Amino acid sequence: MQTGPANILPLIFTDLDGTLLDHHNYSSSPADRLIAGLEAHNIAQIIPVTSKTRSELQALRKDIPLNYAVGVTENGSVIDDVGGIIGNDAGMADAPHMHILGLSYADILSAIATLPHDIRQHITGFSDMRVTDIAQSTGLSLESAKRAGKREASEPFSWSGSDQQMAALTAHMEAVNIHVQRGGRFFHLTGHATKEMAMARIAAAFAYRAPDRDIVTIALGDGPNDLAMIKAADYGVIMPNPDGVTISANGPHIHIAPHPGPKGWNAAVQNILSELGFNLSES
């Protein structure tokens, strides 16, 4: 693998499930080989941006070569700043190197408790589920399901109500500064924090720390909650999602991956890096 232009620093913001990870077996192959090469040669920063929890993301570091300096969890609500890229500021929470951009989990659960019964009955959130229920609804192992339940700033939920009731839920939550986002598999209740906002904050932090580099943002995702991030990036990649909601966007900077999951991720990232002048070999 060869390096490319020294003045360019690509930041690859990537969704996980259905994008970097296969929706069915959670494997990152064949993208894991490319990730290892990019990190070994310091070609790009790979930044996971996911609905997963920090606990889940940190566990993934053992399974795939994703030694990220900064990651985004719970759909943009939490920044896992393990490398101190952003540093201490007013958004720092109790945990080291953790920034909450939205509302705390306790605040979100308190808001759910105020919902009228005719709306609340159609929500099945992770807080309503046992670990075995989370495992069954996600396909995760019990240990992984425990990590998925360790929420810090968002509540995933399945929905059984009508469109009219969803509109009522959205209005009720917006009144208390909570946003309803639709992901690839679940809806999510979060504070007014998004993947796009987290991407902008992280890109600004890298620009501040590396003023001699041109920051280029690349964003990949397959769900509606990825779309704003994809549109806002310098290079956006829409991943095919045969098992979920199909998203679309127009623009010369928007790419469509040729395959779903890590196979498509691998091809799309290599194509964009080649456009930027990075010549990647198979070695």
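These numbers come from a predicted model, not from an experiment. One is the number of the first residue; the rest follow in order along the sequence.
Closest approach of Ala153 and Ile108 over heavy atoms only: O-CD1, 3.2 Å. Taking every heavy atom of both residues into account, Pro262 and Ser29 meet most closely at CG-O, 3.2 Å. Ala145 and Leu140 get closest at one heavy-atom pair: N-CB, 4.1 Å. Ala111 and Val176 get closest at one heavy-atom pair: CB-CG2, 4.1 Å. The two residues Val82 and Tyr68 have their closest heavy-atom pair at CG2-O, 3.2 Å. Closest non-hydrogen pair, Ser127 versus Glu155, comes out as OG-OE2, 2.6 Å.
In this structure, Asp214 CG and Leu276 CG are separated by 10.5 Å, a value rounded to the nearest 0.5 Å. If you take CZ on Phe187 and CE on Met166, they are separated by 4.0 Å, rounding to the nearest 0.5 Å. Within the model, atoms CG of Asp118 and CD of Gln121 stand 6.5 Å from one another, a figure rounded to the nearest 0.5 Å. Separating the CD1 atom in Ile238 from the CG atom in Leu220 is a distance of 10.5 Å, to the nearest 0.5 Å. Interatomic distance, Met129 CE to Ser137 OG, rounded to the nearest 0.5 Å: 4.0 Å. Considering CZ of Phe157 and CZ of Phe186, their distance stands at 11.0 Å, rounded to 0.5 Å.
Under the 4.5 Å side-chain criterion, counting only non-hydrogen atoms from C-beta, Thr53 is in contact with Arg151. Between Tyr235 and Thr217, the closest side-chain pair of non-hydrogen atoms is not below 4.5 Å. Residues Arg185 and His23 form a side-chain contact, since some pair of their non-hydrogen atoms from C-beta on lies under 4.5 Å apart. Side-chain contact between Thr14 and Ile46 is present, with at least one heavy-atom pair separated by less than 4.5 Å. Looking at Ile112 and Leu189, their side chains come closer than 4.5 Å, going by heavy atoms from C-beta outward. Two residues are said to be in side-chain contact when any heavy atoms from C-beta on lie closer than 4.5 Å; Ile79 and Met98 fail this criterion. For the pair Lys52 and Asp17, the minimum side-chain heavy-atom distance is below 4.5 Å. Under the 4.5 Å side-chain criterion, counting only non-hydrogen atoms from C-beta, Lys195 is not in contact with Glu74.
Grouping the Ile, Leu, Val, Met, Phe, Trp and Tyr side chains by contacts below 4.5 angstrom, directly or via other members, places Leu34 with Val216. Note on Leu115: it clusters hydrophobically with Tyr105, by side-chain heavy-atom contacts below 4.5 Å among ILVMFWY residues. Criterion: ILVMFWY side-chain heavy atoms under 4.5 Å apart, direct or through other members. Under it, Ile86 and Tyr208 are not part of a common hydrophobic cluster. Placement of Ile256 and Ile230 within a single hydrophobic cluster is found when ILVMFWY residues are connected by side-chain heavy-atom separations under 4.5 Å, directly or transitively. Transitive grouping of hydrophobic side chains (ILVMFWY, heavy atoms separated by less than 4.5 Å) brings Ile12 and Leu66 into a common cluster.
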Please step through side-chain contact (heavy atoms from CB on, under 4.5 Å) for the pair His188 and Val180, ending with a clear verdict.
CA-CA 6 Å; His188 301 263; Val180 180; over 6 Å; no
Mind running side-chain contact (heavy atoms from CB on, under 4.5 Å) on His179 and Leu103 for me, showing each step along the way?
CA-CA 10 Å; His179 184 49; Leu103 295 174; over 6 Å; no
Let's go through Met199 and Val49 carefully: what are the C-alpha distance in whole Å and the side-chain angles of both, what is the deciding distance for side-chain contact (heavy atoms from CB on, under 4.5 Å) to 0.1 Å, and is it a yes or a no?
CA-CA 8 Å; Met199 179 177 72; Val49 185; over 6 Å; no
Leu16 vs Leu60, side-chain contact (heavy atoms from CB on, under 4.5 Å): CA-CA, chis, key distance, verdict
CA-CA 10 Å; Leu16 294 182; Leu60 275 175; 3.7 Å; yes
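Side chains of Asp107 and Ser104: a donor-acceptor N/O pair is present below 3.5 angstrom, by distance only. Looking at His172 and Thr114, their side chains do bring a donor and an acceptor atom within 3.5 Å of each other.
In this structure, Asn67 has no side-chain hydrogen bond (donor to acceptor under 3.5 Å, both in side chains) partners at least two apart in sequence or on a different chain.
In terms of modelled atom types and a separation under 3.5 Å, the side chain of Gln136 and the main chain of Asp133 share no donor-acceptor contact. Counting only distance, with no hydrogens or angles, the side chain of Ser28 and the backbone of Ala31 share no donor-acceptor pair below 3.5 Å. Formation of a donor-acceptor pair under 3.5 Å by the Arg120 side chain with backbone atoms of Ile123 is found in this model. Side chain of Arg54 to backbone of Asp80: no donor-acceptor contact under 3.5 angstrom is found. In this structure a side-chain-to-backbone donor-acceptor pair under 3.5 Å is present from Asp128 to Gly125.
Taking a cutoff of 4.0 Å between a charged side-chain nitrogen and a carboxylate oxygen, Arg201 and Asp81 do not qualify as a salt bridge. The pair Asp22-Lys263 does not meet the salt-bridge criterion, since no charged nitrogen lies less than 4.0 angstrom from a carboxylate oxygen.
The side-chain tip of Arg213 does not point at the ring of Phe206 from less than 6.0 angstrom away and within 45° of straight on.
Applying the 6.0 Å contact sphere to CG of Asn25 captures more than 12 heavy atoms from other residues, nucleotides or ligands.
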